[in-house]
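Protein chains get the first letters and strands the later ones, always in sequence-line order, with residue 1 at the start of each.
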Number of protein chains: 2
Amino acid sequence: MERVEQHASFGGRQEVWKHTSAVLGCEMKFGVYLPEAAVRGEACPVLYWLSGLTCTEQNFITKANAQEHAARHGVIVVAPDTSPRGTGVADDPGYDLGQGASFYVNATQPPWASHYRMQDYVAVELPALVERHFPANQARSICGHSMGGHGALVTALRHPGRYRCVSAFSPVVAPSQVPWGQRALGAYLGKESAAWAEWDAVELIKTAPERLPLLVDQGEADEFLATQLRPDILRAACDAARHPLTLRLRPGYDHSYYFIASFIGEHFAHHAAALGG
Amino acid sequence: MERVEQHASFGGRQEVWKHTSAVLGCEMKFGVYLPEAAVRGEACPVLYWLSGLTCTEQNFITKANAQEHAARHGVIVVAPDTSPRGTGVADDPGYDLGQGASFYVNATQPPWASHYRMQDYVAVELPALVERHFPANQARSICGHSMGGHGALVTALRHPGRYRCVSAFSPVVAPSQVPWGQRALGAYLGKESAAWAEWDAVELIKTAPERLPLLVDQGEADEFLATQLRPDILRAACDAARHPLTLRLRPGYDHSYYFIASFIGEHFAHHAAALGG
């Protein structure tokens, strides 16, 4: 573990760390915001943030203004990169496959299977690392945007009991049914679409053993709303399974970080209440 | 004037506009945040933000979280680019001269004099454009960071009565006495250092006809503190001239937007009180 950035921020510290991931077989970076209490060594709860297509660990930490709210609530925020990285890691010329586009699954197909185990990274290896190296307690929650919103929903649904709270901005809710998801799941998991169900939030909701409430914010002027995001499918799935969902459609808002920044404070308040932060 | 970006943000709109500047002789972009009242057509006061070396109109609008505070106080925020731009505009390989590094002066020396009239652009042409095209009243204030902090101080000091409030983050306060300023002023104004005084805040303070109070925030862990910024020189100049100054040294903070974001809310509250926003 090597610290590559450190900035005072809202009374705490925004840091970026580099480490070799055993799960992914490459070097990875992640951002970590430590509120003042954590800087003093007090154990704090941790919110994990999963970013969207093309992002690195930088986008969220520079654009969302999460630090203001993490400082207010005393929550550590961990923001990993969006895929394995490096010259030895498989990639694709498209922005929606390969590096920057892991979809947070564990790939089973060549050439992806050797590095693309992002689900195990974000759900297992990274939390263990964070809880060992920082003053983090075991109260965890997860949130994300777009591909990372899908990642947050799926990761929470796949790990009952592991997260106290989950929310998403503009998530891909049904990857099996939309072009981004079909392309990614087809490449990472194979054309056999039966394997996709365990990576699809609306499929997982049907039989979820834990009914952790979902909070979703979605801009109504989002350019990907009708083609890739489809919150209507999530609403129908939650209705059918009686899974608790708060879906807020926000008139005029698009897919950008301007949308995230506008409502991230409400998500932090929601997470902090569940985390006891 | 052409709108090239538009995003809902904190109940208002973050926009980016492109226009041909008569003063600069090139195409320019600027960011404008319109709080909800301005979107409805109500006249609002305007805060002008001047960015630092290497920035475009994007840095401040994506990283500072100014929109949250502008929305709260009902203030329009205008963030221009940091220099004239384009293939026909003189440039230099260094990051601290030429495009991205105007120092907000009116250049007199070749090859700069033909385009580098950024002082007239930010103080005259841009406000006139803003007050014509947006629901802006004539209550103006100005703020900036680093080279743009210098720009804010100098622009306010050179135009008594034009701004109701001025503040700066990590400003270059004495360009005549530090390497960034000596290189830029030497190139734009010539080696004759007598011409530099009218572009140097600590020189202008000596004889300022208007004693508009200065608010300055400066990080004590700023990597440029001792070599380029020198708030001690500003303090001495204000003491000698009895110019009102609030200088806040912030332990641990560096030169980055993490610093700006942490304290921009306090600057907005200060500006809003003066603007009647």
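A pairwise comparison of heavy atoms in B:A8 and A:G252 identifies CB-O, 3.2 Å as the closest pair.
Using a distance-only test at 3.5 Å, with no hydrogens or angles considered, no donor-acceptor pair links the side chain of B:Y253 to the main chain of A:H7.
Contact of B:S256 with chain A is made through the side chain alone, with heavy-atom distances under 4.5 Å. Heavy atoms closer than 4.5 Å to chain B are found in both the backbone and the side chain of A:F10.
Within the model, atoms CD of A:E5 and OH of B:Y258 stand 6.0 Å from one another, a figure rounded to the nearest 0.5 Å. The CD atom of B:E68 lies 11.5 Å from the CD1 atom of A:I264; values are rounded to the nearest 0.5 Å. Here the straight-line distance linking atom OG of B:S9 with atom OH of A:Y257 works out to 15.0 Å at 0.5 Å rounding.
Of the listed residues (B:G265, B:G11, B:A261), the greatest number of heavy-atom pairs within a distance under 4.5 Å of chain A belongs to B:A261.
Of all residues spanning residues 59-67 of chain B, those with a heavy atom less than 4.5 Å away from chain A's heavy atoms are B:I61, B:T62, B:K63, B:N65, B:Q67, arranged by number.
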